[in-house]
Amino acid sequence: MGWLLIVLSVIVLWIASLFKISHTSSLRSKTYFLNNAFESSGARKKNVLLVIAHPDDESMFFSPTINYLISRGHNLHVLCLSNGNADGMGSARKHELFKACAVLKVSLEQVKVVDNPNLQDGFGQVWDHNLLGQIIQEEAYKHGTEVVITFDNYGVSGHCNHCDVHYGVRKLVRENAHGIEAWELVSINILRKYSGPVDIWLSMLLATKKSSTETHCVLNEHPRKSFQAMGAHSSQWVWFRKLFVSFSSYTYVNTLRRIK
């Protein structure tokens with residue numbers, strides 16, 4: 001009986017969390033990431049650059065942020081710093097990224113995949129931060145970027161390529177800022193990471209305890225798009241990634257922290 005009550009409680013909390021996400025989508029919060037207080041206020045839309053390491057990072061980790069930005073009319077570019085060629089499938093994975101971005105409503109002309117011999121996908125592949133900073137800078141200046149979003153220094157999973165991308169963005173901000181804001185996706189512990197939509201409550205609570213100008217909690221208003229976008233990565237859409245997308249809190253919420 002005790003276990004049954006626990007299971008029922010988890011199910012109820014899961015449903016309540018999904019309802020909260022849907023409720024937020026329909027009512028909209030009065031405070032917004034990038035200072036768009038109200039959609040009708042005429043607030044200026046911004047040029048945003050999302051910097052990722054591999055094709056599928058955008059769907060597995062950043063879909064709440066992408067859906068949020070696109071729904072509010074911001075001009076989003078995606079820069080992927082490798083084609084994910086660890087298993088010799090770089091060409092296919094590049095094509096899959098474009099398909100996933102189409103699902104997420106990102107214009108394909110605003111998606112760029114870097115294929116550099118010094119930036120190859122792999123746990124043992126260390127990427128040069130100077131090279132990363134140079135590539136990111138060129139792309140940012142090309143599009144008049146005002147906001148850059150990327151991984152934090154742990155990179156969600158600790159993948160070295162994710163971490164290197166973070167330091168490449170830090171190098172851009174430190175040496176060539178020119179008014180560019182930079183934000184990082186906050187990594188969370190394993191219990192929260194696999195708590196699905198339930199983590200939205202803790203994420204929102206922690207975000208409210210911090211400065212509203214330094215940390216933002218972004219709910220995924222269209223969680224189904226995360227599944228559809230990840231499904232576009234057909235070479236990667238195996239059973240354990242299906243479980244990941246189902247149970248990962250990153251499918252439902254992103255906490256973004258400003259890089260100082």
Side-chain angles (χ1 to χ4, degrees), residues 48-63 65-66 76-140 142-143 145 148-172 184-185 187 193 225-245 248 250-251 254:
V48 184
L49 178 64
L50 173 64
V51 184
I52 58 177
H54 315 113
D56 74 20
D57 287 347
E58 81 299 329
S59 301
M60 292 182 71
F61 308 120
F62 290 96
S63 59
T65 298
I66 293 173
L76 178 64
H77 286 79
V78 177
L79 174 62
C80 184
L81 288 163
S82 80
N83 61 5
N85 197 41
D87 298 318
M89 301 181 65
S91 179
R93 294 194 64 189
K94 176 180 179 180
H95 179 65
E96 290 167 356
L97 173 61
F98 285 110
K99 290 174 63 178
C101 285
V103 171
L104 294 169
K105 306 300 183 183
V106 180
S107 173
L108 300 188
E109 293 77 16
Q110 298 181 184
V111 180
K112 180 175 180 178
V113 181
V114 175
D115 184 10
N116 187 303
N118 295 313
L119 301 175
Q120 294 300 304
D121 176 15
F123 283 99
Q125 299 289 335
V126 178
W127 292 356
D128 185 306
H129 298 171
N130 291 320
L131 174 60
L132 291 171
Q134 178 183 347
I135 294 172
I136 297 167
Q137 175 185 319
E138 290 174 356
E139 196 69 11
K142 177 180 177 181
H143 302 296
T145 298
V148 176
I149 301 172
T150 192
F151 294 101
D152 67 4
N153 62 358
Y154 184 70
V156 177
S157 62
H159 196 299
C160 59
N161 298 161
H162 297 178
C163 302
D164 288 334
V165 167
H166 167 83
Y167 288 111
V169 170
R170 271 196 176 276
K171 196 166 187 63
L172 166 71
E184 59 188 8
L185 177 63
S187 298
K193 184 177 179 180
K225 279 190 179 181
S226 299
F227 291 86
Q228 295 167 351
M230 191 60 206
H233 293 277
S234 55
S235 69
Q236 308 299 303
W237 198 224
V238 293
W239 67 270
F240 57 86
R241 288 197 176 91
K242 293 177 182 179
L243 288 177
F244 179 89
V245 175
S248 169
Y250 291 98
T251 297
N254 284 168

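- Inter-residue side-chain proximity for Glu184 and Tyr154 is flagged as unmet; no heavy-atom pair is nearer than 4.5 Å.
- A side-chain donor-acceptor contact under 3.5 Å links Gln110 to the backbone of Leu76.
- Scanning for side chain to side chain donor-acceptor pair (under 3.5 Å) contacts around Asn85 gives an empty result, with sequence neighbours left out.
- Taking the six-membered ring where the residue is Trp, His143 and His77 present parallel rings, their angle staying beneath 30° rather than reaching 60°.
- For the side chain to side chain contact (heavy atoms under 4.5 Å, CB included) with Arg93, the lone residue among Cys80, Ser234, Pro55 that qualifies is Pro55.
- Contact annotation: the side chain of Leu50 never approaches that of Thr65 to less than 4.5 Å [non-hydrogen atoms, C-beta and beyond].
- Side-chain contact between Asp128 and Asn118 is absent, with no heavy-atom pair separated by less than 4.5 Å.
- Taking the ring centroids of Phe151 and His159, they lie at or beyond the 6.0 Å cut-off.
- Between the side chain of Asp57 and the backbone N or O of Ile52 there is no donor-acceptor pair closer than 3.5 Å.
- A donor-acceptor pair under 3.5 Å is formed between the side chain of Asp164 and the backbone N or O of Trp127.
- With Ser82 contributing its side chain and Gln120 its backbone, the two residues share no donor-acceptor pair below 3.5 Å.
- Between atom NZ of residue Lys225 and atom OG of residue Ser59 there is a gap of 11.5 Å, rounded to the nearest 0.5 Å.
- Gln236 is listed as a side-chain neighbour of Met230, based on a closest heavy-atom distance under 4.5 Å.
- A heavy-atom distance below 4.5 Å is not found between the side chains of Ile149 and Leu185.
- Salt bridge absent: Asp115 and Lys94 never bring a charged side-chain N and a carboxylate O closer than 4.0 Å.
- Residues Glu58 and His233 have side chains in contact (heavy-atom distance under 4.5 Å, counting atoms from C-beta outward).
- Distance check: Arg241 CZ to Ser248 OG gives 12.5 Å after rounding to the nearest 0.5 Å.
- Interatomic distance, NE2 of His166 versus NE2 of His129, reported as 9.5 Å (0.5 Å rounding).
- By the 4.5 Å heavy-atom criterion applied to side chains, Ile66 and Lys105 are not counted as neighbours.
- Between atom CG of residue Leu172 and atom CD of residue Gln134 there is a gap of 12.0 Å, rounded to the nearest 0.5 Å.
- A distance-only check finds a donor-acceptor pair linking the side chain of Glu96 to the backbone of Ser235 [under 3.5 Å].
- Distance NE2/His162 to CG/Asp152: 11.0 Å, rounded to 0.5 Å.
- Here the side chains of Leu132 and Tyr167 are not in contact, with every heavy-atom distance at 4.5 Å or above.
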